[in-house]
**Q** 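Below are the structure tokens for one structure; questions will follow.
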There are 2 protein chains.
Amino acid sequence: MQERSAKAPFGVGDLARAGQCKVETVRYYEKIGLMPTPLRTEGGHRVYHQPELKRLIFIRRSRDLGFSVAQVRDLLQFVDEPNHTCGEVKALTLAQSEEVQRKIDDLQRLHKALLEMADKCKGESYSLEQCPIIDALYDEI
Amino acid sequence: MQERSAKAPFGVGDLARAGQCKVETVRYYEKIGLMPTPLRTEGGHRVYHQPELKRLIFIRRSRDLGFSVAQVRDLLQFVDEPNHTCGEVKALTLAQSEEVQRKIDDLQRLHKALLEMADKCKGESYSLEQCPIIDALYDEI
DNA sequence: ACTTGAACCTGTAGTTACTACAGGTTTTAT
DNA sequence: ATAAAACCTGTAGTAACTACAGGTTCAAGT
């Protein structure tokens, strides 16, 4: 572990720890092209610096928030390629935000349905003969 | 297709259609033990009746509500075994609704962030040197 | 009765996004 | 110098299906 200098290079273990993922995940991201192929030590160990960590954190944050790897790839494209206009970036961002809103709507409907089911259930009966949740899922056809 | 009598037995295709899934999915559910091994015709075709359809619909509904197959297995246990309380079922449903709420919260934070980023961007510049969106995505760590 | 086409069968492989080894090498710390 | 930790590659496993391939059976029309 490097403590002294934040700028010192580090290995894949430290990168993974800082990026909140497994070492294997970093290598997987490298294989599918989300992370760059890093420099190596003479012995073949991967060596990373601050920019790669920033990139990994960005990937992880996006993934945690439900973006697919393909979508993360699109977002990273804007970081990687200089020949995009700000307008393109804005359009993609707005498209993403709409998709996120759709997901939110879906989940909210789901949440409502779950709560309504739970609400009907007193939860005390020792018999499942008339459990409203089971009924809702199983009998209401 | 059987139209005349709702009680007549039917094949896996009709079952899948009625359960809103693919034939392969039914066979998959059979393989992993969510659906029972059905009777067969002399030629080996699967034969189903009303109870199996109800079970499949139950499974599909639960899956649509975001329950994992493992959770559906737990729920089906409540259907299959008589010695469970309604409270158990309710607890599982509430746990699921909390998880859905957490996902909603995450996505709402993301949505806000995306809109804020898009808002800062005039979207006209042909240079990405100072695009506020890229800055927010990549540099604000 | 016969034919044809839809529906069915089994089994394997592909999908997404990782995760878990196995079996070996390098680095680091004592 | 040696031992442990970290690393390497490569393959296989996970969830929850989905998509074939290559063959058999069923049902309807003639």
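Order of the sequence lines fixes the chain letters, A, B, ..., with proteins taken first and strands second; residue numbering starts at 1 for each chain.
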**Q** Tell me, yes or no, whether the heavy-atom count around A/Q77 atom CD, taken from other residues, nucleotides or ligands under 6.0 Å, exceeds 12.
**A** yes
**Q** In whole Å, what is the span from the CZ atom of B/F67 to the C1' atom of D/dA16?
**A**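 Going from B/F67 (CZ) to D/dA16 (C1'), I get 17 Å.
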**Q** One pair to check against salt bridge (charged side-chain N to carboxylate O under 4.0 Å, His left out): A/D14 and A/R17. What are the steps and the verdict?
**A** CA-CA 5 Å; A/D14 288 338; A/R17 229 184 319 284; 2.9 Å; yes
**Q** How close or far is atom P of C/dA7 from atom OH of B/Y48, stated in whole angstroms?
**A** 16 Å
**Q** Assigning hydrophobic clusters by single linkage (Ile, Leu, Val, Met, Phe, Trp, Tyr; side-chain heavy-atom cutoff under 4.5 Å), is A/Y28 placed with A/M35?
**A** yes
**Q** Whole angstrom is fine here: how far is it from NZ in A/K22 over to P in D/dG13?
**A**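 Answer to the nearest Å: 18 Å.
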**Q** Scan B/R60 against the nucleic acid and name what it touches under 4.0 Å (heavy atoms): base, sugar-phosphate only, or nothing.
**A** sugar-phosphate
**Q** Looking at C/dC9, D/dT9, C/dT12, which one has an atom nearest to any side-chain atom of B/R46?
**A**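 Minimum distance to the B/R46 side chain belongs to C/dC9.
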**Q** Measure the spacing between CG of B/L56 and CD of B/Q20 and express it to the nearest 0.5 Å.
**A**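 It is 9.5 Å, given to the nearest 0.5 Å.
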**Q** Would you mind telling me which of D/dA16, D/dC7, C/dA17 lies closest to the side-chain atoms of A/V12?
**A** D/dC7
**Q** Rounded to whole angstrom units, what separation is found between the CD atom of A/E30 and the C1' atom of D/dC8?
**A** 11 Å
**Q** When the distance from CD of B/Q71 to P of D/dA16 is rounded to whole Å, what number comes out?
**A**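 Those two atoms, CD and P, are 9 Å apart.
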**Q** Show your working on side chain to side chain donor-acceptor pair (under 3.5 Å) between A/Y48 and A/R55 and close with a plain yes or no.
**A** CA-CA 11 Å; A/Y48 295 99; A/R55 192 183 181 90; over 6 Å; no
**Q** With DNA chain D as reference, determine whether A/E24 or B/S68 sits nearer its 5' end, using the nearest nucleotide of each.
**A** A/E24
**Q** Using heavy atoms to find the nearest nucleotide of DNA chain C for B/G44 and A/E42 separately, return the residue whose nucleotide is more 5′.
**A**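 First, find each residue's nearest nucleotide; the 5'-ward one identifies B/G44.
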**Q** In whole Å, I'd like the distance from the CZ atom of A/F10 to the C1' atom of C/dT27.
**A** 17 Å
**Q** Nearest of C/dC8, D/dC8, C/dC18 to any side-chain atom of A/H45?
**A**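 That would be D/dC8.
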**Q** With a 4.0 Å cutoff (strictly under), does any side-chain N or O of B/Y29 reach OP1 or OP2 of D/dA16?
**A** no
**Q** Taking for each residue the nucleotide of DNA chain C with the nearest heavy atom, is it A/T41 or A/I59 whose nucleotide lies nearer the 5' end?
**A**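 Here A/I59 is the residue nearer the 5' end.
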**Q** Looking at C/dC9, D/dC8, C/dC18, which one has an atom nearest to any side-chain atom of A/V69?
**A**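 Nearest listed nucleotide: C/dC18.
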**Q** Indicate, with a heavy-atom threshold strictly under 4.0 Å, whether B/R27 touches base, sugar-phosphate, or nothing.
**A** base
**Q** Give the nucleotide from the list D/dC17, C/dC8, C/dA17 with an atom nearest to the side chain of B/V23.
**A**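 Nucleotide nearest to B/V23's side chain: C/dC8.
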**Q** Send over the distance from B/R17 CZ to C/dA7 P, rounded to a whole Å.
**A** 7 Å
**Q** Can you tell me which nucleotide in D/dA16, C/dC9, D/dC8 comes closest to the side chain of B/Y28?
**A**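 Comparing D/dA16, C/dC9, D/dC8 against the side chain of B/Y28, the answer is D/dA16.
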**Q** Check the distance between D/dT11's C1' and A/K31's NZ and give it to me in whole angstrom.
**A**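 Taking NZ of A/K31 and C1' of D/dT11, I get 9 Å after rounding.
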